[in-house]
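What you see below is based on every heavy atom in this structure, not just the backbone, and it leaves out hydrogens, waters and symmetry mates. Quick caveat, the model's predicted, so the values are computed rather than measured.
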Amino acid sequence: MALADELAYMSAAELALLIRRRRLSPVELIDACISRIEQRNPSLNAFVFLGFDDARQRAQAATQTLLSGAELGPLHGVPTAMKDLFGFKPGWKNTFGGIRALKDHVVDTYSICAERMERGGAILLGKTNSPVLGFCGCTDNPLFGPTSTPFQLGKNSGGSSGGSAAAVADGLVPFAHGTDGGGSIRIPAAWCGVFGYKASVGRVPYVSRPDAFGGNGPYRFEGPLTRTVEDAALAMSVLAGDDWRDPAALTDTVDFLGATRRSIRGMKIAFTPDWDIFPVEAQVAEAVATAVQAFTEAGAHVAQVKIGLTRTQQELSDLWCRMAIVRSNIFFADWQARGLDIRNDHADDLPPGMQHWLKIGDTISATDRMRDQAIQTEVYDAINGTLQKYDLIISPTLACMPVANRSDGNTVGPAQINGEPIDERIGWCMTYLINYAGNPSAAIPAGLVDGLPVGMQITGRRNADADVFAAAAAFERLRPWHDSYRIPAGRALD
């Protein structure tokens, strides 16, 4: 077996240990990953920028550090990838999700996750695909095209961190970076059969300038996509921590790895099959209802509940689009001030759905924004009111199975489920509700339906990240999913 295939589905924790014990050099590992990416990425379209020269240089330096006996970071020599949206590394291109007018745009700064991953010893191999400005739950754009889930080429990976999730599921890297403003870590985790974690507000600092408060309403996050809960805990031990530049940054510490070994016996868990409001495809509902039984086996008390949401799913998905599009309008105005009018001179770079909402965004007043925050508060109260009585809320991650990729750069989700109209961009995603509230939330593989993954969402009390990790690890012990990667491992490469 080639070294690239032998190492492909090892966890980040296993690879880090092999390197520490000098049984594997960072150079060998990076070269193996590069070989696998070159072989498998053309059919998958997960990576859209390759930083192989930088990675090889860092691998050489990591090998020298290893041989010197110096102190090593917890991810020393372990390969990873960064999302091409709000993930930045000096000298690397950034297209903000496949905007053609920005295909040659190069940044001169680090984003917080890239900076901390490298500080922890990880080696960035490149950047992964995303929809334009993350404004869709599918990964596709006019510049790079769609990304597939490696479980079935031609079916979308989910978004907006779809390239990262697909790369992890296909064994190209053991973990990767994602961002999440409405579910963008958890959505692709569900369709790619991996574990995705969105922490509590402030647990991983969100540094936004010139507006330091730009990560609010709905809340935006950075976090990891992995194949094991342990790897997510390892990544979070590197990514979490205070930063003065984020007004909401948390100063306390969490023992993420220790949480994975905790029992959940006696925990009170609320199960909602639909958050009171979502139509859900039957095969998704059945898979998650079966999976949730594992928590009872682990000694927790599970009860099906009503969350208490009073708005329709259409009202709440429209709210997300309104709140998100205001940021997009500001983004394009900033570029216009720099001499590049993307909205008017490069309109074909933007999906039709985004253009529709950008026009609506032009009309939103400060009063409208305040009224929308009042609706956001209703969702916050419903979720956290439920969590006054329960430790966790379990739900499906998404309401549907993976959709087919389109050829026009504009793959979207279904327009209806069970005969009920929904928003194609976000309305089938049961994730964006949690971005209104800011609670910690994970997407975890719940099983397979016809060879395609189904995701289950675990949401905890505010700042109770350890509870989410404890529950996810307990589920993984009882319902391990690693064998499912035989499907992407054996996929066709054409």
Side-chain angles (χ1 to χ4, degrees), residues 1-10 30-52 55 79-85 93 95 97-98 100 103 124-131 136-178 187-194 225-227 401-412 445 448 450-453 482-494:
M1 179 185 291
L3 183 62
D5 295 331
E6 183 180 342
L7 300 175
Y9 283 96
M10 285 190 180
I30 292 304
D31 282 344
C33 286
I34 289 173
S35 174
R36 189 170 175 89
I37 291 167
E38 289 176 336
Q39 179 188 36
R40 301 177 69 88
N41 189 63
S43 56
L44 191 64
N45 198 34
F47 278 85
V48 294
F49 173 82
L50 303 176
F52 292 166
T80 188
M82 176 173 55
K83 180 179 178 181
D84 179 39
L85 185 59
K93 291 182 179 180
T95 72
R100 283 180 297 208
K103 63 182 178 62
L124 287 161
L125 281 166
K127 303 193 73 178
T128 57
N129 206 15
S130 166
C136 185
C138 296
T139 291
D140 194 359
N141 58 65
L143 178 59
F144 300 118
T147 298
S148 291
T149 172
F151 281 81
Q152 185 177 330
L153 295 185
K155 295 286 189 179
N156 199 261
S157 62
S160 63
S161 308
S164 288
V168 171
D170 206 43
L172 307 186
V173 288
F175 80 104
H177 161 259
I187 297 163
W191 279 0
C192 290
V194 297
L225 290 129
T226 66
R227 290 188 297 270
M401 299 296 293
V403 298
N405 287 331
R406 290 167 48 165
S407 59
D408 60 356
N410 187 37
T411 302
V412 292
L448 299 172
D450 297 329
L452 287 169
H482 198 271
D483 184 61
S484 69
Y485 298 125
R486 72 187 187 281
I487 298 174
R491 71 175 178 84
L493 299 182
D494 45 49

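Here CG of L143 is found 8.0 Å from NZ of K103. Values are rounded to the nearest 0.5 Å. Taking SG of C138 as the reference point, atom CG of N405 lies at 8.0 Å (rounded to 0.5 Å).
For the side chain to side chain donor-acceptor pair (under 3.5 Å) with T147, the lone residue among N129, T139, T128 that qualifies is N129.
Side chains of N45 and S148 form no contact here, defined as non-hydrogen atoms less than 4.5 Å apart. Here the side chains of T80 and P174 are not in contact, with every heavy-atom distance at 4.5 Å or above. Counting only heavy atoms from C-beta outward, the side chains of C33 and L172 never approach each other to under 4.5 Å. Side-chain atoms of P402 and W191, non-hydrogen and from C-beta on, do get closer than 4.5 Å to each other. S160 places a side-chain heavy atom less than 4.5 Å from the side chain of S130.
For A32, the side-chain contact (heavy atoms from CB on, under 4.5 Å) partners at least two apart in sequence or on another chain are L3, A4, L7. Scored by the salt bridge (charged side-chain N to carboxylate O under 4.0 Å, His left out) test, D483 finds R486 as partners (sequence neighbours excluded). Contacts of D140 classified as side chain to side chain donor-acceptor pair (under 3.5 Å), with partners at least two apart in sequence or in another chain: T411. Under the side-chain contact (heavy atoms from CB on, under 4.5 Å) criterion, I487 pairs with F151, L448, not counting sequence neighbours. Legend: residues meeting side-chain contact (heavy atoms from CB on, under 4.5 Å) with Q39, ordered by chain and number and at least two apart, are L493. A176 meets the side-chain contact (heavy atoms from CB on, under 4.5 Å) test with A81, S164, V168, V173; sequence neighbours excluded. For Y485, the side chain to side chain donor-acceptor pair (under 3.5 Å) partners at least two apart in sequence or on another chain are W481. Qualifying salt bridge (charged side-chain N to carboxylate O under 4.0 Å, His left out) partners for K93, counting only residues two or more places apart in sequence or in other chains: D104. With sequence neighbours left out, R491 forms a side chain to side chain donor-acceptor pair (under 3.5 Å) with S43, D170. Take T226 and apply the side chain to side chain donor-acceptor pair (under 3.5 Å) test, not counting sequence neighbours, and it matches no residue.
Not one N or O on the side chain of R227 forms a donor-acceptor pair closer than 3.5 Å with the backbone of H482. A distance-only check finds no donor-acceptor pair linking the side chain of D84 to the backbone of K127 [under 3.5 Å]. With hydrogens and angles disregarded, a donor-acceptor distance shorter than 3.5 Å links the side chain of N141 to the backbone of F144.
Of all heavy-atom pairs spanning V412 and C136, the tightest one is CG1-SG, 4.1 Å. Of all heavy-atom pairs spanning S161 and G178, the tightest one is OG-CA, 3.4 Å. In plain terms, the two heavy atoms of A55 and L125 that are nearest each other are CB-CD2, 3.7 Å. Counting all heavy atoms, side chain and backbone alike, P150 lies closest to A166 at CG-O, 3.7 Å. The two atoms that bring A169 and P488 nearest to each other are O-CG, 3.5 Å, heavy atoms only. Closest heavy-atom contact between G158 and I187: CA-CG2, 4.2 Å.
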Item to complete: Might you work through the side-chain contact (heavy atoms from CB on, under 4.5 Å) test for I37 and F52, ending with a clear yes or no?
Response: CA-CA 10 Å; I37 291 167; F52 292 166; 3.9 Å; yes

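Note on residues 142-166: no pairs pass salt bridge (Lys or Arg N to Asp or Glu O under 4.0 Å), not counting sequence neighbours. Applying the ring-ring contact (aromatic ring centres under 6.0 Å, His included) rule to pairs touching residues 30-51 yields F49-W92, sequence neighbours excluded.
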